Novice: 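Quick one: the structure is below, and I'll ask about it shortly.
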Amino acid sequence: MLAETKFAAEPLAKPALGEPYLLTPGPLTTAYSVKQAMLRDWGSWDGDFRAMTSDMRRRLLALTGDAKGEFDCVPMQGSGSFCVEAMLGSFVPRDGKVLVLANGAYGLRAAQTMQYLDRAYTLIDKGDYLPPRGDEVAAALEADPAITHVIAIHCETSSGILNPVAEIADAVHAKGRKLLVDSMSAFGAVALDVNEIRYEAMVSSANKCIEGVPGFGFIIARKSELEAAKGRSHSLSLDVHAQWAHMNKTGQWRYTPPTHVVAAFLEALRQHEAEGGVAGRGARYVRNRDVMVAGMRELGFETLLRDRWLSPIIVTFFNPAHANFAFDRFYELMKEKGFIIYPGKLTVVDSFRVGCIGQMDEHVMRRVVEAAAQSLREMGVDTAAPPAAAIAERAKLAA
Ligand SMILES: *Cc1c(COP(=O)(O)O)cnc(C)c1O
């Protein structure tokens, strides 16, 4: 409700000086005040910056609902993938084995990370359309007692599917194994409450639903897991235990922190709180998605996923079948109108994606639909209906 009144009245701040909106899953369109927070230099050793780091860790932890103080937050330099690698390398023992749940590019990247780490893993690959379900996770754990950990992708950003992480967590916990969650593109907008969902560690980054700029990520983990991670990491700079221990002892990051990015992120966290936290942020993204998807469907576009699995983060549409449609042209026409869309990342059919996250509201999303309609007209495409083959493929695989 808070977000409703805040965003219904007037559109959010426009990007500066005719910058296009980034309808992408991060980097994304940030608030002017977030950019402004970077106009100052901070000394990494100085008490002011140490206080900022500590405030940031506290605010992030609060988003998980950890009232008992069982968890801690460890920021880590680099993009989100660095943090996934840090988490896997630090929490999975060298003789452990991971069940990787994949239904898109980020799940497969987690598997690839395990290859680089040279640690054992097994993969459930559901393709592009379907979520891994609790019962199949339970069966896989039952069948292979060597599996110690499971990694699940919260929102698989390559399709936009919101995976049933609560159901997966129940299955993992019931079998006495440990769950690691890549909540990169969901955390801050979709609840991942430690009182409701059992997990040992999760990871996210600065430039997704909290709406900061890119430069670091963070791991939120049980303190018992952080303790146990000592000496496990394959990597000096990605050692989560070492970063945690150093930060708790000195208040500092182990190596040069992205000071401006942290300052911007703190401002983004303040705005997140003012919007009503996870619930308020999530509600705005849901409205963004609903307005955008309804408008696109009126133009004939179809979503890859059924409504049940559509996340409020990013939506995949099939490319239209019309002979005059060419994605590169569509992209340029949309960009001229102020909107950067995202190419698809599916293995089977041609698609593109439209993000719902960032400093945008439903008014902006209506303009996105208008821009799409106009772009189609300019291309001489009178309907955006996808090829029959795409629909048949979807029906077959999602049956
Ligand atoms: C963005 C994202 C990542 C990390 O990607 P980077 O490009 O390394 O920041 C990992 N997993 C998911 C699900 C993501 O959306």
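Quantities reported herein were computed from a predicted structural model and do not represent experimental measurements. Throughout, residue positions are numbered sequentially from 1 according to the sequence presented.
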Novice: List the residues meeting ring-ring contact (aromatic ring centres under 6.0 Å, His included) with Phe325, not counting sequence neighbours, and say none if there are none.
Specialist: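 ring-ring contact (aromatic ring centres under 6.0 Å, His included) check on Phe325 returns Phe330.
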
Novice: What's the separation between atom CD1 in Ile391 and atom CG in Leu304, rounded to the nearest 0.5 Å?
Specialist: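 One finds 9.5 Å between CD1 of Ile391 and CG of Leu304.
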
Novice: Report whether Val354 and Leu333 are members of the same hydrophobic cluster (ILVMFWY, side-chain heavy atoms less than 4.5 Å apart, transitive linking).
Specialist: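 Looking at the clustering, Leu333 is in the same group as Val354.
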
Novice: Does the pair Asp307/Arg297 count as a salt bridge with the N-to-O cut at 4.0 Å?
Specialist: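 Looking at Asp307 and Arg297, the cut-off is met.
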
Novice: Say you draw a straight line from OH of Tyr106 to CD of Gln112; how long is it, rounded to the nearest 0.5 Å?
Specialist: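 That separation rounds to 12.5 Å.
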
Novice: So which atom in Asp41 and which in His260 form the shortest heavy-atom distance, rounded to 0.1 Å?
Specialist: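 Shortest heavy-atom separation between Asp41 and His260 comes out as OD1-NE2, 2.9 Å.
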
Novice: So does Glu273 get a backbone contact from the side chain of Arg281, meaning a donor-acceptor N/O pair under 3.5 Å?
Specialist: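 Not a single qualifying donor-acceptor pair exists.
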
Novice: Is it true that Val203 and Leu162 fall in one hydrophobic cluster, defined by side-chain heavy atoms closer than 4.5 Å?
Specialist: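 No, it is not one cluster - the side chains of Val203 and Leu162 are not joined through contacts under 4.5 Å.
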
Novice: Are Phe216 and Pro257 close enough that some pair of their side-chain heavy atoms sits under 4.5 Å apart?
Specialist: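 Not in contact.
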
Novice: Strictly below 4.0 Å, N to O, side chains only: are Arg287 and Asp290 in salt-bridge contact?
Specialist: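 No salt bridge links Arg287 with Asp290.
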
Novice: Measure across Val92 and Val98 and return the closest heavy-atom pair with its distance rounded to 0.1 Å.
Specialist: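 Here Val92 and Val98 meet closest at CG2-CG2, 3.5 Å.
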
Novice: Could you check whether Ser44 and Trp253, counting side-chain N and O atoms only, form a donor-acceptor pair closer than 3.5 Å?
Specialist: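 No, Ser44 and Trp253 have no side-chain donor paired with an acceptor closer than 3.5 Å.
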
Novice: Could you tell me the separation between the OG1 atom of Thr148 and the OH atom of Tyr121, rounded to the nearest 0.5 Å?
Specialist: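 Reported to 0.5 Å precision, the distance equals 15.0 Å.
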
Novice: Does the plane of the ring in Phe327 sit parallel, tilted or perpendicular to the ring in Tyr331? Use 30° and 60° as the thresholds.
Specialist: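 Phe327 vs Tyr331 ring planes: tilted.
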
Novice: Just by modelled atom types, is the Ser233 backbone N or O under 3.5 Å from a matching donor or acceptor in the Arg94 side chain?
Specialist: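 At least one qualifying donor-acceptor pair exists.
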
Novice: Do Leu61 and Val181 land in one hydrophobic cluster if side-chain heavy atoms of ILVMFWY residues count as linked below 4.5 Å?
Specialist: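 Yes; tracing contacts between hydrophobic side chains, which count when under 4.5 Å, links both residues.
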
Novice: Any donor-acceptor pair under 3.5 Å linking the side-chain atoms of Glu267 with those of Gln271?
Specialist: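 Their side chains do contain a donor-acceptor pair, which is all the 3.5 Å distance test asks for.
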
Novice: Would you say the side chains of Arg254 and Ser237 form a donor-acceptor pair under 3.5 Å?
Specialist: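 Arg254 vs Ser237: no donor-acceptor pair found between side chains.
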
Novice: Between the side chain of Ser351 and the main-chain N/O of Phe318, is any donor-acceptor distance below 3.5 Å?
Specialist: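 Checked: no pair found.
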
Novice: Does atom NZ of Lys178 have more than 12 heavy-atom neighbours, drawn from other residues, nucleotides or ligands, at distances under 6.0 Å?
Specialist: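 Counting other residues, nucleotides and ligands, NZ of Lys178 stays at 12 neighbours or fewer.
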
Novice: Counting only heavy atoms not in His322, do more than 12 fall under 6.0 Å of its NE2?
Specialist: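 Count over threshold, so yes.
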
Novice: Salt bridge or not for Glu196 and Arg198, using N-O below 4.0 Å?
Specialist: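 Not counted as a salt bridge, because no side-chain N and carboxylate O are separated by less than 4.0 Å.
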
Novice: Within the distance-only criterion (no hydrogens, no angle test), does the side chain of Ser54 pair as donor or acceptor with the backbone N or O of Arg50 below 3.5 angstrom?
Specialist: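 No; zero donor-acceptor contacts below 3.5 Å.
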
Novice: Please confirm whether the backbone N or O of Lys175 pairs with a side-chain atom of Arg177, one donor and one acceptor, at under 3.5 Å?
Specialist: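 Flag set: sc Arg177 to bb Lys175 pair under 3.5 Å.
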
Novice: Applying the side-chain contact (heavy atoms from CB on, under 4.5 Å) test to His234, which of Asp118, Leu117, Asp239 qualifies?
Specialist: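 Only one of Asp118, Leu117, Asp239 forms a side-chain contact (heavy atoms from CB on, under 4.5 Å) with His234, namely Leu117.
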
Novice: Check this for me: Glu70, atom CD, are more than 12 non-hydrogen atoms of other residues, nucleotides or ligands nearer than 6.0 Å?
Specialist: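 Yes, the 6.0 Å shell around CD holds more than 12 heavy atoms from other groups.
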
Novice: Not counting sequence neighbours, which residues clear ring-ring contact (aromatic ring centres under 6.0 Å, His included) with Phe187? List them please.
Specialist: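 Expected list: Phe218.
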
Novice: Could you state whether Ile357 and Leu310 fall into the same hydrophobic cluster, counting links through intermediate Ile, Leu, Val, Met, Phe, Trp or Tyr residues with side-chain heavy atoms under 4.5 angstrom apart?
Specialist: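 No; Leu310 is not reachable from Ile357 via cluster members.
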
Novice: Just by modelled atom types, is the Phe49 backbone N or O under 3.5 Å from a matching donor or acceptor in the Thr53 side chain?
Specialist: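 Side chain of Thr53 to backbone of Phe49: a pair is present.
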
Novice: Donor-acceptor check, side chain of Asp144 to backbone of Ala146, threshold 3.5 angstrom: yes or no?
Specialist: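 Yes: the side chain of Asp144 pairs with the backbone of Ala146.
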
Novice: For Lys337, which of Glu370, Glu332, Glu378 qualifies under salt bridge (charged side-chain N to carboxylate O under 4.0 Å, His left out)?
Specialist: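 Exactly one candidate clears the test, Glu378.
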
Novice: Should Glu211 and Arg284 count as an ion pair when the cut-off is N to O under 4.0 Å?
Specialist: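 Salt bridge: yes.
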
Novice: Just by distance, with hydrogens left out, do Ser185 and Lys208 show a side-chain donor and acceptor under 3.5 Å apart?
Specialist: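 There is no such pair between these side chains.
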
Novice: With no hydrogens and no angle check, just 3.5 Å: does a side-chain donor-acceptor pair link Gln243 and Tyr255?
Specialist: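 On atom types as modelled, these side chains do not qualify, holding no pair under 3.5 Å.
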
Novice: Would Leu130 and Ile153 show up in the same hydrophobic cluster when neighbours are defined by side-chain heavy atoms closer than 4.5 Å?
Specialist: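 Different hydrophobic clusters.
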
Novice: Count the heavy atoms belonging to other residues, nucleotides or ligands that lie under 6.0 Å from NZ of Lys223, then report whether that count exceeds 12.
Specialist: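 Atom NZ in Lys223 is packed in, count exceeds 12.
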
Novice: How about Pro132 and Asn103: do any of their side-chain heavy atoms sit closer than 4.5 Å?
Specialist: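 They are in contact (side-chain heavy atoms under 4.5 Å apart), so the answer is yes.
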
Novice: Are the side chains of Phe82 and Gln77 in contact, using a 4.5 Å heavy-atom criterion?
Specialist: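 In short, these two side chains do not touch, never coming nearer than 4.5 Å.
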
Novice: Just so I know, are the side chains of Leu180 and Val84 near enough to count as touching, which here means a heavy-atom distance under 4.5 Å?
Specialist: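 With C-beta onward as the side chain, the pair stays apart.
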
Novice: With side chains defined as the heavy atoms from C-beta onward, is the minimum distance between Glu85 and Tyr116 less than 4.5 Å?
Specialist: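 In short, these two side chains do not touch, never coming nearer than 4.5 Å.
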
Novice: Are side-chain heavy atoms of Met360 and Val368 found at a separation under 4.5 Å?
Specialist: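 Not in contact.
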
Novice: Please answer whether the main-chain N or O of Met379 pairs with a side-chain N or O of Arg329 as donor and acceptor at a distance below 3.5 Å.
Specialist: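 Checked: no pair found.
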
Novice: With sequence neighbours excluded, what pairs up with Phe339 under the ring-ring contact (aromatic ring centres under 6.0 Å, His included) test?
Specialist: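 With sequence neighbours excluded, Phe339 shows a ring-ring contact (aromatic ring centres under 6.0 Å, His included) to Tyr21, given in chain and number order.
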
